[in-house]
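These notes concern the structure reproduced below.
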Amino acid sequence: SIPERVSITLDIRDVNPKGIDMVVTEVEKLLEEIKTKNKIDFTMEIMGQSDPIILSKSISDLIEQEASKMGIKYKRMNSGAVHDSSLLANITDVGMIFVPSINGRSHVPEEKTEYKDIKRGCDLLLATIVNLAN
């Protein structure tokens, strides 16, 4: 059977608000094309949005420096998620340390991280805090 109604949620993230706006515009164009071609109707609603948080370069540099000293392989990356760091970024410098999830599965029931990776992340956090304290 064909459903009468379908609801889809799209999470768009970027460190640049213009990038988010561009994706929203492109999605709207695509939906209009689908609407015309298939003679269907749709509504699009922005359910929530927040300004991107730019993490502190100095804190990120320090985390990277400590990771290098410890021989930890790392990848510098942006996070579009709204973590506690986004609340703290207004009052202090903020950085984040992510540890790998098995098979890259994150924020799903199947998410699992090896204890050795959790320990490595904690050791890196401690080394970064000690460096900051000195």
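In this structure the side chain of Ser68 reaches within 4.5 angstrom of the side chain of Tyr74, judged on heavy atoms. In this structure the side chain of Gln49 never reaches within 4.5 angstrom of the side chain of Ile20, judged on heavy atoms. Here the side chains of Pro3 and Val6 are in contact, with some heavy-atom distance below 4.5 Å. The closest side-chain heavy-atom distance from Arg105 to Lys112 is not below 4.5 Å.
Rounded to the nearest 0.5 Å, atoms CG (Leu125) and CD1 (Ile129) are 4.0 Å apart. Taken to the nearest 0.5 Å, the CG atom of Leu124 stands 10.5 Å off from the CD atom of Glu64. The NZ atom of Lys18 sits 13.0 Å away from atom OG1 of Thr25, with the distance rounded to the nearest 0.5 Å. With rounding to the nearest 0.5 angstrom, the CD1 atom of Ile8 is 11.5 Å from the CE atom of Met44. Here the CD-CZ distance, from Glu114 to Arg120, works out to 10.0 Å after rounding to the nearest 0.5 Å. Atom CG of Asn131 sits about 4.5 Å away from atom CG of Leu62, to the nearest 0.5 Å.
With hydrophobic clusters built from ILVMFWY side chains whose heavy atoms lie under 4.5 angstrom apart, Ile72 shares a cluster with Ile97. No single ILVMFWY cluster, assembled from side-chain heavy atoms under 4.5 Å apart, contains both Met22 and Val27. Under the 4.5 Å side-chain contact rule for hydrophobic residues, Val108 and Leu10 do not share a cluster. At a threshold of 4.5 Å between side-chain heavy atoms, the hydrophobic network of Ile, Leu, Val, Met, Phe, Trp and Tyr places Leu132 and Val94 in two separate groups. Linking ILVMFWY residues whenever their side-chain heavy atoms come closer than 4.5 Å, directly or via other members, places Val23 and Phe42 in the same cluster.
Partners of Asn16 according to the side chain to side chain donor-acceptor pair (under 3.5 Å) rule, which considers only residues two or more places apart in sequence or in another chain, do not exist here. Looking at residues two or more places apart in sequence or on another chain, you find a side chain to side chain donor-acceptor pair (under 3.5 Å) between Glu26 and Lys29.
Heavy atoms from other residues, nucleotides or ligands lying under 6.0 Å from CD of Glu110 number more than 12. When the shell of 6.0 Å around CG of Asn38 is examined, it contains more than 12 heavy atoms from other residues, nucleotides or ligands.
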* Give the intermediate values and the outcome of salt bridge (charged side-chain N to carboxylate O under 4.0 Å, His left out) for residues Asp117 and Lys119. => CA-CA 5 Å; Asp117 291 326; Lys119 180 184 183 313; over 6 Å; no
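The closest donor-acceptor contact from the side chain of Asn134 to the backbone of Val130 lies under 3.5 Å. A donor-acceptor pair under 3.5 Å is formed between the side chain of Glu111 and the backbone N or O of His107. Between the side chain of Ser101 and the backbone N or O of Gly104, no donor-acceptor pair lies under 3.5 Å.
For the pair Lys35 and Ile40, the tightest heavy-atom approach, listed with the atom from each and the gap, is CG-O, 2.7 Å. Scanning all heavy atoms of the two residues, the minimum distance from Ser60 to Leu55 falls at OG-CB, 4.3 Å. Nearest heavy-atom pair, Val99 versus Gly121, reported as atom, atom and distance to 0.1 Å: CG1-CA, 3.7 Å.
For the pair Asp41 and Arg5, the salt-bridge criterion is not met [side-chain N within less than 4.0 Å of a carboxylate O].
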